[in-house]
Amino acid sequence: MDLKGFDHPGDPGAGGTRSVKVMIAGGFGTGKTTMVRSVSDIKPLTTEETLTQATVGVDNLIGVADKAETTVSLDFGKISINEGLMLYLFGTPGQERFWFLWNGLFKGALGAIVLVDTRRLASSFRAIEEMERQNVPFVIALNVFPDCKEHPVEEIRDALDISPHTPIVACDARDRASSRDVLIALIRHLKERSAVALEPR
């Protein structure tokens with residue numbers, strides 16, 4: 001697996017391809033591993049382990065009681081958006097006991113997707129706070145679970161207390177095309193931010 005250049009997002013790699021590191025973050029059970037699996041061009045590296053009785057009282061399983069596995073380190077995949085752009089995808093662990101890993105994972109990231117389960121908005125507050133603390137541009141992806149109720153985007157924005165400039169898009173993390181659309185929304189957001197930063201003052 002060639003990771004050359006992933007920690008230098010702006011540098012062209014072999015053949016003129018630019019490699020960009022993208023984080024996929026969010027709360028426990030919001031669909032991060034599912035998104036990496038659905039969209040990656042390669043068989044993703046995952047570090048999922050079976051949830052056991054030992055996690056009772058440690059991990060908050062409210063709303064995800066049927067979840068059988070959990071990411072204990074990271075998920076990794078990659079996707080070629082076009083001939084000149086390769087995205088390396090790093091999915092973060094969602095449980096509080098693994099948050100200490102986040103600092104290392106965020107190093108060199110150009111942008112991020114924060115996956116949100118609208119049934120459990122509070123589960124993604126920590127991921128949003130981390131993006132803002134580390135000044136990592138991000139988009140919000142509302143993962144549409146079968147029993148989700150629809151909410152106006154502005155209600156979601158207010159509840160998450162995020163900037164009006166942060167894009168919010170709906171997605172199905174199980175679907176490759178839907179997940180790819182979220183990545184494209186992130187790329188557009190990054191380009192728009194770069195254009196604004198380059199405007200003469």
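Worth saying up front: this structure is predicted, and the values here are computed from it rather than measured.
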**Item:** Main-chain N/O of Gly26 paired to Ser124 side chain as donor or acceptor, under 3.5 Å
**Value:** no
**Message:** salt bridge (charged side-chain N to carboxylate O under 4.0 Å, His left out), that's the test. Do Arg126 and Glu130 meet it? Break it down for me.
**Reply:** CA-CA 6 Å; Arg126 178 66 174 79; Glu130 192 66 16; 2.6 Å; yes
**Item:** Main-chain N/O of Pro137 paired to Arg193 side chain as donor or acceptor, under 3.5 Å
**Value:** no
**Message:** Tell me whether Ile168 shares a hydrophobic cluster with Val144, the cluster being built from Ile, Leu, Val, Met, Phe, Trp, Tyr side chains joined at under 4.5 Å.
**Reply:** no
**Message:** Quick check for you: to the nearest 0.5 Å, what is the distance between Ser38 atom OG and Arg180 atom CZ?
**Reply:** 11.5 Å
**Request:** Count the heavy atoms of every other residue, nucleotide or ligand shown that sit under 6.0 Å from CG of Asp161, and state whether that count exceeds 12.
**Result:** no
**Request:** Say whether, by atom type as modelled, one donor and one acceptor occur between the side chain of Arg176 and the main chain of Val39 under 3.5 angstrom.
**Result:** yes
**Item:** In one Ile/Leu/Val/Met/Phe/Trp/Tyr side-chain cluster, 4.5 Å: Met35, Ile187
**Value:** yes
**Distance-only polar pair, side chains of Asp75 and Thr33, donor-acceptor under 3.5 Å** = yes
**Asked** So which of Asp117, Thr118, Leu115 actually passes side chain to side chain contact (heavy atoms under 4.5 Å, CB included) with Asn143?
**Response** Leu115
**Item:** Beyond-backbone contact of Met86 with Arg18, side-chain heavy atoms, under 4.5 angstrom
**Value:** no
**Asked** Between Lys21 and Gly108, which heavy-atom pair has the shortest distance, and what is it?
**Response** CB-O, 3.8 Å
**Side-chain donor or acceptor of Ser123 paired with backbone N/O of Arg120 under 3.5 Å** = yes
**Complete:** Residues Cys171 and Val182: closest non-hydrogen pair is CB-CG2, 3.5 Å
**Request:** Answer with yes or no whether the hydrophobic clustering places Leu87 together with Val169; edges join I, L, V, M, F, W, Y residues whose side-chain heavy atoms lie under 4.5 Å apart.
**Result:** yes
**Fill in**
Taking every heavy atom of Ala112 against every heavy atom of Val22, the minimum-distance pair comes out as CA-CG1, 4.4 Å
**Asked** Does a side-chain N-to-carboxylate-O contact under 4.0 Å join Glu129 and Arg133?
**Response** no
**Message:** To check you understand the geometry: which heavy-atom pair defines the closest contact between Ala127 and Ala25, and what is its length?
**Reply:** CB-CB, 4.2 Å
**Asked** Does Val114 reach the side chain of Met131, with side-chain heavy atoms less than 4.5 Å apart?
**Response** yes
**Request:** Would you indicate whether the side-chain heavy atoms of Leu160 and Phe125 approach each other to under 4.5 Å?
**Result:** yes
**Heavy-atom side-chain proximity of Thr166 to Phe138 below 4.5 angstrom** = yes
**Prompt:** At what distance, to the nearest 0.5 angstrom, does CD1 of Ile113 lie from NZ of Lys32?
**Reply:** 12.5 Å
**Message:** I'd like to know if the side chain of Arg174 reaches the main chain of Ser179, judged simply by a donor and an acceptor atom lying under 3.5 Å from each other, with no hydrogens or angles considered.
**Reply:** no
**Any side-chain heavy-atom pair of Leu142 and Ile140 under 4.5 Å** = yes
**Complete:** For Ile79 and Asp41, the nearest pair of non-hydrogen atoms, with its separation, is CA-OD2, 3.3 Å
**Complete:** Heavy-atom nearest pair, Arg157 first then Ser163, reads NH1-O, 2.6 Å
**Asked** Once the angle between the rings of Phe90 and Phe76 is folded into 0 to 90°, is it parallel (under 30°), tilted (30 to 60°) or perpendicular (over 60°)?
**Response** perpendicular
**Prompt:** Given the rule that I, L, V, M, F, W and Y join up when any side-chain heavy atoms are under 4.5 Å apart, are Phe145 and Val153 in one cluster?
**Reply:** no
**Request:** Look at the side-chain heavy atoms of Ile, Leu, Val, Met, Phe, Trp and Tyr, link any pair under 4.5 Å apart, and say whether Val20 and Ile184 land in one connected group.
**Result:** no
